[in-house]
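I have placed the structure first, in the form of structure tokens, so that the comments after it can refer back to it.
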Amino acid sequence: MTIQVICEQARQVSRALAQASTTEKNAALTRAADELWACRAEIVAANRQDMDAARAAGMSEALLDRLMLDESRLGGIVADLRHVTSLPDPVSEVFEDQQLPNGLRVHKQRVPLGVLAVIYEARPNVTVDVAGLALKSGNCVVLRGGSETIHTNRALVEAIRRGLRDSSIPEDSVQLIADTDRQLVFDLLQMDRSIDMVIPRGGAGLHEFCRKNSRIPVITGGIGICHLYIDESADQSRALEVVRNAKIQRPSVCNALDTVLVHEKIAAQFLPALITRLKGDGVRFVAEPRACKLAQAAGGEAVRPAGPEDFDQEWLSLVLGLKVVDSLDEAVEHIAAHSTGHSDGILTQNEANAGHFIAAVDSAAVYVNASTRFTDGAQLGLGAEVAISTQRLHARGPMALRELTTYKWVIQGDYHVRP
């Protein structure tokens, strides 16, 4: 089946899905979850094929862990899909309702975006997560996973589609591009007559390719160079624990901490304590000259001087950048120069400094006295997410059900005519 046929099939059923009731969508999601669990043996066997091929190709242990799908993990994915049925349905939500002086009644009403194309890499859970959120928000979805997950994705999508056959939701609402030819990614990005939005989930190279080659609006994000600024007024002992959580709780994800900026008045005390606290966790440090001088005494070989591009690096590992700054404004300037606009924060006891930081830092998520690791749909009360957007148009931050909708104006009159 060609890319054009796949996308056209999704477009053809998108109107029916957009008009489906919440009850119908929840029933379809439940049937899809039932079918995924019923097919768990086949899905785990398919994943074993992908794992064997990945090992043979020399995939790293970290990526192998992302790829692996056993019965226990599948159980969690199925539970998450069932949870989507309990989330509020944003479709048809009415807001900004008003009556104009001329008697016209005007409101905005949420509607699905239409057909989404999601291009992603090694995580098979994304297949189910995205399908579930797309269906609940009334959107059809065309999925294009990486070649390393092809057998797993085929098995997952086949199970989801079988579940939809027993529901009132068209099975073509969820489509998979099962051919691993990379040319097909380019071809997909040209399908502007059928696809309404492209969401890439992967590395910077994938995002850049989509931005440069797509004829369809692209939501980009997920690349996080994240900062915490330790203000001179910060509670230093508590700040140590926030930094530790932001760095080591899960270092390979986009909202993990990359750089700590420390006010010069507390740097001599805070930096050695930070090095001592994190060195035992296996963290290594790259530091600009002033920070390096203070850190090396405590860190020894775990500390090296920062190179010219180190502060533009998303580490995705147990590496942390360190810099001493003279002021809050210098910290803000550093963030403006090096942040990707994902998640940046301040640790402070000074409300005025917190307010200045919030106003001055233009990131999708701005934190005061909290770990950057909370930039996550579930953690922020959204239930789940399809991506984290770092751009300004349409959506910023975790993209959950409401962010997968747009709106239309509804104007109701009494046979009004314009004078």
Side-chain angles (χ1 to χ4, degrees), residues 3 6-7 10-11 14 17-18 66 80-81 84 90 110-146 149 153 156-157 160 173-177 182 184-224 253-255 340-342 364-365 375-378 380 382-406:
I3 290 285
I6 288 172
C7 295
R11 172 59 67 192
S14 63
L17 177 57
R66 289 186 185 184
D80 289 342
L81 182 60
V84 173
R110 293 198 181 279
V111 296
L113 289 167
V115 182
L116 312 176
V118 182
I119 306 167
Y120 55 105
E121 295 173 348
R123 296 177 181 175
N125 66 293
V126 172
T127 302
V128 181
D129 292 346
V130 168
L133 291 172
L135 291 172
K136 182 64 180 265
S137 57
N139 293 289
C140 295
V141 64
V142 177
L143 300 164
R144 207 291 186 175
T149 55
N153 285 340
L156 291 169
V157 172
I160 291 169
S173 300
V174 179
Q175 301 266 13
L176 175 70
I177 298 172
R182 293 192 176 188
L184 298 182
V185 174
F186 177 84
D187 296 342
L188 177 61
L189 296 174
Q190 311 310 303
M191 295 291 109
D192 55 305
R193 293 175 62 87
S194 300
I195 304 295
D196 296 291
M197 180 176 288
V198 173
I199 304 174
R201 288 191 57 166
L206 174 61
H207 287 253
E208 184 67 15
F209 181 83
C210 290
R211 279 194 295 266
K212 286 184 175 180
N213 293 285
S214 182
R215 294 169 60 178
I216 309 162
V218 178
I219 290 286
T220 57
I223 310 300
V253 294
C254 58
N255 57 21
T340 53
H342 192 294
T375 309
D376 174 272
L380 296 180
L382 304 177
E385 68 191 38
V386 298
I388 295 176
S389 169
T390 54
Q391 59 191 45
R392 291 174 177 80
L393 290 181
H394 179 63
R396 294 188 87 184
M399 292 186 63
L401 293 172
R402 184 168 288 177
E403 288 72 33
L404 294 180
T405 65
T406 182

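The two residues R66 and P124 make their nearest non-hydrogen contact at O-CD, 3.5 Å. Listed here is the closest heavy atom pair of A117 and L188: CB-CD2, 4.1 Å. Nearest heavy atoms, H394 versus E403: NE2-O, 2.7 Å. In terms of heavy-atom proximity, L380 sits nearest to T375 at CD1-CA, 4.4 Å. Heavy-atom minimum distance, A364 versus R396: N-NH2, 3.6 Å. G138 and P112 get closest at one heavy-atom pair: O-CB, 3.3 Å.
By the neighbour-count criterion of 12 heavy atoms within 6.0 Å, atom CZ of R211 is densely surrounded, having more than that number from other residues, nucleotides or ligands.
Annotation: side-chain hydrogen bond (donor to acceptor under 3.5 Å, both in side chains) contacts of Q391 (sequence neighbours excluded): T220. Residues forming a side-chain hydrogen bond (donor to acceptor under 3.5 Å, both in side chains) with D80 (at least two apart in sequence, or on another chain): none. Remark: D376 engages no residue in a side-chain hydrogen bond (donor to acceptor under 3.5 Å, both in side chains) (not counting sequence neighbours).
Rounding to the nearest 0.5 Å gives a distance of 10.5 Å between CD1 of I6 and CZ of R144. Annotation: the span from I388 atom CD1 to N255 atom CG amounts to 5.5 Å, rounded to 0.5 Å. Taking CG from D187 and CG from N213, the interatomic distance works out to 11.0 Å, rounded to the nearest 0.5 Å. Atom CG of residue L401 and atom CZ of residue R110 lie 11.0 Å apart, to the nearest 0.5 angstrom. To the nearest 0.5 Å, atoms SG (C210) and CZ (F186) are separated by 11.5 Å. Expressed to the nearest 0.5 Å, how far CZ of R201 lies from CD1 of I119 amounts to 13.0 Å.
At least one donor-acceptor pair closer than 3.5 Å links the side chain of T340 to the backbone N or O of I223. Side chain of N139 to main chain of G114: a donor-acceptor pair is present (N/O by atom type, distance under 3.5 Å, no hydrogens or angles). One N or O on the side chain of S389 and one on the backbone of A395 form a donor-acceptor pair closer than 3.5 Å.
Contact of the Y120 side chain with the L206 side chain is not registered, since no non-hydrogen atoms from C-beta on lie closer than 4.5 Å. At a threshold of 4.5 Å between non-hydrogen side-chain atoms, the residues V115 and S194 do not count as touching. Using a 4.5 Å cut-off on side-chain heavy atoms (C-beta onward), I199 and V386 make contact. When side chains are defined from C-beta on, R11 counts as touching D196, because their heavy atoms get closer than 4.5 Å.
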